[in-house]
Protein chains: 2
Amino acid sequence: MDKSHTASVLIDLSAAIVSVRGDQPVCLTVPDVSEYQTPGLPFGPFYPDRHRTMEIGLRQWVVEQTALDIGYVEQLYTFGDRGRRSEGPEGADGQNEEEHIVSVGYLALSKQCPQPDQWSEWYKHFPWEDWRNGRPNILNQQIIPYLEAWSGSDEIRRLRLQQAFGFPDRAWNDEFVLDRYELMYEAGLVWEAYADGRQKEKISAQNGIAMQLDHRRILATAMSRLRAKLKYRPVVFELMPSSFTLTQVQKTTEAILGAILHKQNFRRQLAKNELVEPTGQMSKARGRPAELFKFRQDASQSSNLPGLRIPSVNPETSRR
Amino acid sequence: MDKSHTASVLIDLSAAIVSVRGDQPVCLTVPDVSEYQTPGLPFGPFYPDRHRTMEIGLRQWVVEQTALDIGYVEQLYTFGDRGRRSEGPEGADGQNEEEHIVSVGYLALSKQCPQPDQWSEWYKHFPWEDWRNGRPNILNQQIIPYLEAWSGSDEIRRLRLQQAFGFPDRAWNDEFVLDRYELMYEAGLVWEAYADGRQKEKISAQNGIAMQLDHRRILATAMSRLRAKLKYRPVVFELMPSSFTLTQVQKTTEAILGAILHKQNFRRQLAKNELVEPTGQMSKARGRPAELFKFRQDASQSSNLPGLRIPSVNPETSRR
DNA sequence: CTTTATTATGCTCAAATTGAGTATAAATCC
DNA sequence: GGATTTATACTCAATTTGAGCATAATAAAG
C-alpha cells in the first residue's frame with residue numbers, strides 16, 4: 001500500500017503573536033492581496049531538515065521576518081486541513097496535483113507591537129468577546145436570535161448554545177471563545193463558512209472581521225488558551241514592560257479577558273502570590289502616583305503555580 | 001526555493017489510550033519485535049485524502065485495529081521528530097533517502113480494557129509518579145541523588161530540579177509528569193536517552209520500563225494533561241461504567257493522580273457540583289452497601305466547569 | 001490656595017469554601 | 001454475636017472570596 005504517496009503533507013507553522021496596545025489586545029497580521037482583502041496570521045513552512053523542533057523553526061522565521069522579541073511561545077493545536085480551501089496555485093512548483101497542508105498553530109506573546117498597522121485588534125474579529133462595557137449589543141441584536149433559530153428544536157444544538165453562549169440561563173464563560181466561534185461557523189454566521197462553501201449566501205451581518213483560511217479559528221484557540229492560562233500561570237508579565245504599575249497589569253489582564261476586575265481583590269491576589277516586587281520608583285501620571293513594580297522571576301517557579309485568580313466584577317450589581 | 005522537497009513529511013497519529021484496571025491506570029501498548037522488546041504506543045499514519053480531520057483519522061484506526069469504544073479524545077501535542085531515531089527501513093517502499101515523521105499525540109479514554117496483556121500499567125513506566133503508598137523509594141534512592149549530582153552548581157538546573165521534583169524544599173506537584181521525565185531524559189537517567197545516543201553508557205538503574213521512540217514522552221504528556229484536566233473537568237466519568245459507587249470514582253481518581261484523597265471532602269465536591277445522581281440501586285460488596293450513582297450528562301455543560309477539586313490527603317499527618 | 005477630579009492604596013466584613021476530623025450506620029466474615 | 005469493613009452524616013476552625021468603605025496623594029481647575 002503506497003503509503004508515502006498519499007500520506008505526505010506539508011507543515012505550516014502559524015502564529016498568533018499577541019501583544020497589548022493601550023487597552024486593546026492585538027495580534028500580528030499580514031495583509032491579503034486577494035480579492036477579499038482579509039488579513040491572515042503570519043505563517044511559514046516547517047523544514048524538518050533544518051530545525052530540530054518545530055518551536056525552533058517557528059522562532060526562527062518570526063525573528064527573521066518580524067524582528068520581534070517573543071519570549072513566551074506555546075503550541076496550540078494542529079489542524080489537519082479542515083476547512084482550508086486550497087485556493088490559488090499554492091506555489092507554481094507544485095509537483096503533486098494538490099499538496100495537503102497541516103498547520104500547527106502557536107501562541108506567542110510579545111511585549112512590544114511596533115508598526116501599529118500590522119497589528120489587528122482582537123475584538124474587531126470577535127466583537128462579542130469584549131464585555132468590558134457590558135454585554136455586547138451584537139449578541140442580542142444579531143448572534144443569539146440567529147443561533148436560536150438555527151438550533152430550532154434540536155436538543156444537541158440547544159445544549160451547545162447553552163454551553164457556549166450561556167443562553168438562555170447560564171453565565172457567560174470567557175474561556176469558551178473557540179466553542180462560540182465554531183458554533184457560529186457551523187451555523188453559517190461567519191464569513192469563513194461562506195468562503196469554505198458551507199454556506200450558499202454571503203451572510204449579511206458583519207460578525208467581526210474575517211481572516212484567511214482557518215486563521216480566525218486559530219486566533220480563537222489562542223484567545224481561549226490565553227484567557228485560561230492567565231488564571232493559573234503568571235503569563236501576563238510576558239506582555240508587560242520591565243517595570244509597571246499594578247493598574248497596568250490589571251488593565252492588560254482585563255483586555256485579554258474582556259472583562260472588568262475588582263481592583264482591590266486583584267491586588268490582593270498579586271500580593272498573596274508574591275508575583276511582583278517594588279522597584280522603589282513611582283510612576284507619574286494623572287492622579288496619585290503609583291508604585292512601580294517588577295515581576296519576580298522566581299515566582300514562575302513557585303510550585304503552586306499562582307496565576308491571577310479572577311476576582312471579576314459583576315456588571316449588573318456594580319456601579320462603574 | 002524548492003520548498004515542497006525539503007518540507008514534505010509523513011504524519012503519524014500516536015495515541016495514549018488510557019483506562020483504569022482495578023486501582024491501576026493502564027495504557028494500550030503494542031509489543032516490539034526488535035532486540036530491545038520495548039513496548040510502544042499504537043499509532044497509524046494520517047491520510048489527508050481519506051479523513052477530513054486528524055481526529056477522525058485517529059478514531060478510525062483505533063476502531064479498526066482495537067475495536068475499542070473510546071469516547072473522549074483530545075489532541076495532546078505535535079512532536080517534530082526530535083529524538084526519534086529513524087531506525088529500520090521504515091517501509092521498504094521509501095522513495096526518499098529518509099522521510100521525516102511528525103507525530104501528533106492524542107489522549108483517549110476507554111471505559112474497558114479487554115486483553116489485559118496488551119495494557120501496560122502507567123506506574124511501571126513511571127514508578128516515581130505513584131505516591132499512593134507514600135513517597136516512592138526510587139526518588140530518594142536513585143533519582144534525586146543522581147539529578148543533584150547532575151545539576152551540580154548550575155543555577156538553571158537546580159531551579160528546574162526544584163520546580164519539577166520539588167527538591168529540596170517545595171511540594172511535589174502531581175501535574176509535572178512531563179517536566180520530570182524531560183529532566184530525567186536530559187540527565188541521561190532514562191533508557192531512551194541512551195537509545196537516542198545522548199548518553200554513552202546504558203544506565204544501570206532501571207528507572208521505569210522504557211518505550212519505543214518518544215512514546216514515553218507522549219505518555220508523560222498524557223498523564224500531565226489528564227491529571228490537570230481531572231481537576232477542572234468531569235472527565236473521570238469517561239473511565240467509569242454507567243453506574244458506579246462514589247468510592248469507585250474516588251479510587252479511579254486516585255489512581256490517575258497517584259495520590260490519596262480525603263474521602264468525605266471528595267464526596268462533598270461531587271455533591272456540590274451535582275455531577276452524579278443516584279440510580280436508586282445499591283452495590284453489594286464487602287462492608288456496608290454503597291449507593292449506585294450515574295453521571296449527570298448535563299453536568300458536562302455546567303458553565304462553571306466543575307471537575308473534582310482535589311481535597312488531597314497529606315501523607316505525613318494522616319493515619320491511613 | 002482651595003476645590004475638584006483622579007488615581008492609589010489600606011482596611012473591613014460577611015459569605016463561601018477548604019482541610020481535617022469525629023460519629024454513626026449497615027453490611028459481611030467467622 | 002462480635003470483629004471487620006465500608007458508607008455516610010455532620011462539625012468546626014482556618015482560609016479564601018466577593019464586595020465594599022475610607023483615606024491618601026497627586027494634578028488640573030477656578
Side-chain angles (χ1 to χ4, degrees), chain A residues 22-23 171 231-232 243-254 257 259-293 304-320, chain B residues 22-23 171 231-232 243-254 257 259-293 304-320:
Chain A
D23 64 347
K231 292 163 196 163
Y232 62 94
S243 99
F244 44 78
T245 68
L246 298 187
T247 299
Q248 282 165 6
V249 184
Q250 184 176 347
K251 290 294 177 204
T252 303
T253 308
E254 290 176 338
L257 295 180
I260 296 296
L261 307 180
H262 184 286
K263 190 167 183 169
Q264 295 88 331
N265 294 348
F266 182 85
R267 284 147 179 262
R268 182 168 57 188
Q269 287 300 327
L270 286 178
K272 192 189 62 167
N273 295 320
E274 300 179 295
L275 291 176
V276 294
E277 63 186 346
T279 63
Q281 294 178 296
M282 302 296 273
S283 80
K284 37 173 177 267
R286 197 82 71 80
R288 169 173 171 178
E291 206 170 352
L292 282 172
F293 291 83
N304 244 359
L305 29 151
L308 308 164
R309 280 288 180 66
I310 26 142
S312 172
V313 148
N314 183 337
E316 309 303 310
T317 65
S318 75
R319 319 147 293 171
R320 311 223 11 260
Chain B
D23 64 347
K231 292 162 196 165
Y232 61 96
S243 99
F244 44 77
T245 67
L246 298 186
T247 299
Q248 281 164 6
V249 185
Q250 185 176 347
K251 290 294 176 200
T252 302
T253 308
E254 290 176 339
L257 295 180
I260 296 295
L261 307 180
H262 184 286
K263 190 167 184 170
Q264 295 88 331
N265 293 347
F266 182 84
R267 283 147 182 263
R268 182 168 58 190
Q269 286 298 327
L270 286 179
K272 191 191 62 169
N273 293 321
E274 301 178 296
L275 291 175
V276 294
E277 63 187 345
T279 62
Q281 295 179 295
M282 302 296 274
S283 81
K284 38 175 179 264
R286 197 83 72 80
R288 170 175 171 177
E291 206 171 351
L292 282 172
F293 291 83
N304 245 356
L305 30 149
L308 306 163
R309 279 288 180 67
I310 25 141
S312 172
V313 148
N314 183 337
E316 308 303 310
T317 65
S318 75
R319 316 149 293 169
R320 313 233 357 264

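So you know, we letter chains A, B, ... as the sequences are listed, proteins then strands, and number each from 1. For the numbers below, each heavy atom of this structure counts, side chains included, while hydrogens, waters and symmetry mates do not.
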Would you mind reporting whether [Y] and [X] have side-chain heavy atoms less than 4.5 Å apart?
X: B:Thr253; Y: B:Phe266; value: yes
X: A:Arg267; Y: A:Thr247; value: yes
X: B:Leu270; Y: B:Gln250; value: no
X: A:Glu254; Y: A:Leu261; value: yes
X: B:Gln269; Y: B:Lys272; value: yes

To the nearest 0.5 Å, tell me how far A:Arg268 CZ sits from A:Asn273 CG.
11.5 Å
Whole angstrom is fine here: how far is it from [atom1] in [X] over to [atom2] in [N]?
X: A:Leu292; N: C:dT9; atom1: CG; atom2: P; value: 9 Å
X: B:Leu246; N: D:dT6; atom1: CG; atom2: P; value: 15 Å
X: A:Gln269; N: D:dT17; atom1: CD; atom2: C1'; value: 8 Å
X: A:Lys231; N: D:dT17; atom1: NZ; atom2: C1'; value: 16 Å
X: B:Ile260; N: C:dG19; atom1: CD1; atom2: C1'; value: 16 Å
X: B:Asn273; N: C:dA16; atom1: CG; atom2: P; value: 16 Å
X: B:Lys272; N: C:dT17; atom1: NZ; atom2: C1'; value: 6 Å
X: A:Phe266; N: C:dG10; atom1: CZ; atom2: C1'; value: 18 Å

Is any side-chain N or O of [X] closer than 4.0 Å to OP1 or OP2 of [N]?
X: A:Gln264; N: C:dA8; value: no
X: B:Thr247; N: D:dA7; value: yes
X: A:Arg288; N: C:dT9; value: no
X: A:Lys263; N: D:dA19; value: no
X: B:Arg268; N: C:dT18; value: no

Tell me which of A:Met282 and B:Ser283 sits closer to the 5' end of DNA chain D, going by the nucleotide each one is nearest to.
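Comparing both residues, the 5'-ward one is B:Ser283.
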Nearest nucleotide by nearest heavy atom, which residue falls closer to the 5' end of DNA chain C, B:Pro289 or A:Arg267?
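Of the two residues, A:Arg267 wins.
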Heavy atoms from C-beta onward define the side chain here; which of C:dA20, C:dT17, D:dG18 lies closest to that of B:His262?
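Selected nucleotide (nearest to the side chain): C:dA20.
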Without placing hydrogens or testing angles, list every side-chain donor-acceptor pair under 3.5 Å for residues 276-283 of chain B, not counting sequence neighbours.
| unit_1 | atom_1 | unit_2 | atom_2 | d |
| --- | --- | --- | --- | --- |
| B:Thr279 | OG1 | B:Gln281 | N | 3.2 |
| B:Thr279 | OG1 | B:Leu292 | O | 2.9 |
| B:Ser283 | OG | B:Ala290 | N | 3.3 |
| B:Ser283 | OG | B:Ala290 | O | 3.4 |

List every contact pair, protein side and nucleotides 28-30 of chain C side both N or O, where the distance is under 3.5 Å.
| unit_1 | atom_1 | unit_2 | atom_2 | d |
| --- | --- | --- | --- | --- |
| C:dT28 | O4' | B:Arg286 | O | 2.8 |

Give B:Glu291 one of three labels, base, sugar-phosphate or nothing, depending on what nucleic acid heavy atoms sit under 4.0 Å from its own.
sugar-phosphate
